[in-house]
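So the structure is just underneath, and the comments pick up after that.
Because the structure is a prediction, the values reported are computed rather than measured. Residue numbering restarts at 1 for every chain, and letters A, B, ... go by the order of the sequence lines. Basis for what follows: all heavy atoms, side chains included, without hydrogens, waters or symmetry-related copies.
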Number of protein chains: 2
Amino acid sequence: MSATNVDDTVTAMLHQVDQRYTTSRRRLVASLQTGEGPLTITQIVDADETLPQSTIYRNLNILEEAGVVTRVTTSDGFSRYELTEELTGHHHHLICTNCDMVTDFTLDTGIESVLEKALAGAARKAGFQPGAHRLDLLGTCKACR
Amino acid sequence: MSATNVDDTVTAMLHQVDQRYTTSRRRLVASLQTGEGPLTITQIVDADETLPQSTIYRNLNILEEAGVVTRVTTSDGFSRYELTEELTGHHHHLICTNCDMVTDFTLDTGIESVLEKALAGAARKAGFQPGAHRLDLLGTCKACR
DNA sequence: CTCAGTGCAAAGGATTTGCATGCCG
DNA sequence: CGGCATGCAAATCCTTTGCACTGAG
C-alpha cells in the first residue's frame with residue numbers, strides 16, 4: 001500500500017472512533033512504516049526525537065484501539081508496535097531468541113489457506129469464535145548465528 | 001505424560017543446570033499442571049497461597065532457564081507460564097481478545113508437518129536458523145461471545 | 001555445619017496519568 | 001472561542017533484588 005493510501009486509510013480508521021489524525025500520530029505512523037518489523041518504544045523515540053515518550057505511548061494506545069497498529073509482545077519485556085495487517089498485508093515474524101530482534105516474513109497463500117481451515121476447525125470444537133492468527137518462528141537470526 | 005514422569009523429567013532437567021527440585025518448585029509445577037492453559041502470576045498466587053510472589057517469580061525464572069516452563073506473553077501486560085512442550089506435547093493457544101483468557105489446542109500432525117516445511121523454507125531465505133514455532137488463534141471465547 | 005533456597009520489604013523499570021499549556025477545528 | 005492533543009513530571013504496577021533467616025544434605 002502506498003504511503004498516501006496508508007494516510008487516507010488511517011484517517012478513516014481514526015475517524016471511525018472519533019479521533020483526529022494529528023501531527024504526532026502522522027509522525028508515529030511514518031516511523032512505523034520505515035521498519036523491517038515491529039519497533040520498540042525506544043526505537044521510536046530514537047527515530048523521531050521530536051516526540052516525547054508520553055505522547056508516543058498515548059498515541060500508540062489510541063492507534064491500537066483504532067485498529068491502526070498492533071502491539072507485538074516478545075519475551076524481553078519490551079512492547080513492540082507495527083501497522084496492522086490491514087495496512088501492510090498478512091505476515092509473520094521471525095524472532096531471534098538470542099537478541100530478540102523481530103523481522104517480518106510471509107508464507108505462500110496455499111499454506112495460509114490450509115492453515116486457516118485447520119484453525120477454523122479447531123476453534124469450532126472449542127466453541128471459540130476465530131479471528132486473526134499469529135504465527136511466529138523462533139530461532140537465531142543471521143547476526144547471532 | 002503422567003504426573004510422576006513429569007516430576008522425574010523435571011528433576012533431571014533441573015539437575016542439568018545444577019538446581020534442586022525443591023518443595024516450592026514442586027508446588028509451582030503442580031499448579032501449572034492443573035491449568036487448561038498458561039497461568040498468570042496472580043492465578044498462581046491464588047491457586048497456592050503458601051507461595052509468596054517473590055518465590056514464584058524467582059523460581060519461574062529458574063524453571064524457565066532449565067527449560068521446564070515457558071513464558072507466554074499476551075497483549076494485556078501479564079506474563080503467563082506453562083510447562084514446556086517437552087513435558088506437555090506440542091500445542092497452540094486460543095487467545096480471547098476480549099478477556100485475554102488463554103486455552104490450549106492442537107492441530108493434526110499432517111498440518112503441523114506441512115507448516116514446519118513451509119517455515120523452514122522461509123527461514124532459509126532469511127538466513128535464519130529455525131527453532132520452535134508459535135501459533136496463536138485470536139478471537140472470542142465461549143464465555144465472551 | 002554449610003550453602004542454596006526462602007520470605008519480606010524495598011528498589012527498579014516500563015508504562016500510565018494529572019494537570020497546565022498550546023493548537024486545531 | 002472550546003475542546004482535544006501535548007509535554008512535563010509524578011504516580012502506578014509488574015517484576016526484580018538485597019538481606020537476614022531457614023532447612024536440606
Side-chain angles (χ1 to χ4, degrees), chain A residues 7 10-32 38-66 68-82 100 102, chain B residues 7 10-32 38-66 68-82 100 102:
Chain A
D7 275 345
V10 172
T11 304
M13 293 171 98
L14 282 171
H15 188 70
Q16 289 272 341
V17 292
D18 291 306
Q19 292 283 355
R20 289 183 259 157
Y21 197 19
T22 64
T23 306
S24 305
R25 292 171 195 173
R26 281 175 194 278
R27 298 187 71 95
L28 224 29
V29 169
S31 289
L32 293 177
L39 300 180
T40 61
I41 302 296
T42 308
Q43 288 174 318
I44 298 172
V45 168
D46 291 347
D48 187 340
E49 310 244 331
T50 71
L51 296 175
Q53 255 190 1
S54 62
T55 294
I56 294 174
Y57 275 111
R58 227 174 333 222
N59 283 317
L60 283 175
N61 282 333
I62 287 164
L63 290 170
E64 191 182 11
E65 282 164 30
V68 175
V69 306
T70 305
R71 186 199 301 235
V72 178
T73 46
T74 60
S75 56
D76 65 355
F78 295 87
S79 286
R80 287 154 200 271
Y81 290 86
E82 65 182 354
D100 282 297
V102 182
Chain B
D7 275 345
V10 172
T11 304
M13 293 172 97
L14 282 171
H15 188 70
Q16 288 273 339
V17 291
D18 290 306
Q19 292 285 352
R20 288 183 252 157
Y21 197 18
T22 64
T23 307
S24 304
R25 293 172 193 171
R26 280 174 195 278
R27 299 186 71 95
L28 223 29
V29 169
S31 289
L32 293 176
L39 301 179
T40 61
I41 302 295
T42 308
Q43 288 174 318
I44 298 172
V45 169
D46 291 348
D48 188 341
E49 310 244 329
T50 72
L51 296 175
Q53 261 192 1
S54 62
T55 293
I56 295 174
Y57 275 111
R58 230 178 326 226
N59 282 317
L60 284 175
N61 281 333
I62 287 165
L63 290 170
E64 191 183 11
E65 281 164 30
V68 174
V69 307
T70 305
R71 186 197 301 234
V72 178
T73 47
T74 61
S75 55
D76 65 354
F78 295 87
S79 286
R80 288 155 200 270
Y81 290 86
E82 65 182 354
D100 282 297
V102 182

Taken to the nearest whole Å, CD/Glu49(A) to P/dC8(D) is 13 Å
Checklist entry - Counting just side-chain N and O atoms, does Gln53(A) come under 4.0 Å of either OP1 or OP2 of dA9(D)? => result no
Here the distance between atom P of dA5(D) and atom CD1 of Ile56(A), to the nearest Å, is 17 Å
Original post:
Does the side chain of Arg25(A) reach to within under 4.5 Å of the side chain of Gln19(A), using non-hydrogen atoms?
Top reply: yes
dC23(C) phosphate, OP1 or OP2, under 4.0 Å from Thr22(A) side-chain N/O:
no
Ranking Asn61(A) and Ile62(B) by the position along DNA chain C of their nearest nucleotide, the one closer to 5' is Ile62(B)
Requested in this report: Looking at every strand, decide which applies to Thr23(B) at a 4.0 Å heavy-atom threshold: base, sugar-phosphate, or nothing.
Outcome: nothing
In short, Leu39(A) meets Ser31(A) closest at the heavy-atom pair CD1-O, 3.6 Å
Among dT15(C), dT15(D), dA5(D), the one nearest any side-chain atom of Ile41(A) is dT15(C)
query = How about Val29(A) and Tyr21(A): do any of their side-chain heavy atoms sit closer than 4.5 Å?
reply = yes
Atom OH of Tyr21(A) and atom C1' of dC4(D) are separated, to the nearest Å, by 18 Å
Separation of dT6(C) atom P from Arg20(B) atom CZ, nearest Å, is 9 Å
Correct closest heavy-atom pair for Asp76(A) and Arg80(A) would be OD2-NH2, 2.8 Å
To the nearest angstrom, the CZ-P distance between Arg58(A) and dC8(D) comes to 11 Å
Arg27(B) CZ to dG5(C) C1', in whole Å, measures 15 Å
note: Arg25(A), atom CZ; dA5(D), atom C1'; distance rounded to Å ~ 7 Å
Quick note, Ser79(A) side chain, CB onward, closest among dT16(D), dT6(C), dT15(C) is dT15(C)
Please tell me if Ser54(A) has a side-chain N or O lying less than 4.0 Å from either OP1 or OP2 of dG7(D).
no
Give a yes/no answer on whether the side chain of Thr55(A) brings an N or O atom under 4.0 Å of OP1 or OP2 in dG7(D). yes
* OP1 or OP2 of dT16(C) sitting under 4.0 Å from any side-chain N/O of Tyr57(A)? -> no
Between CG of Leu63(B) and P of dG5(C) the distance, given in whole Å, is 11 Å
Taking dA5(D), dC8(D), dT6(C) as options, the one with an atom nearest any side-chain atom of Pro52(A) is dC8(D)
Practice item. Could you check if a side-chain atom of Asn61(A) sits within less than 4.5 angstrom of a side-chain atom of Tyr81(A), using non-hydrogen atoms only? Key: yes
Does Asn59(A) put a side-chain nitrogen or oxygen below 4.0 Å from OP1 or OP2 of dA5(D)? no
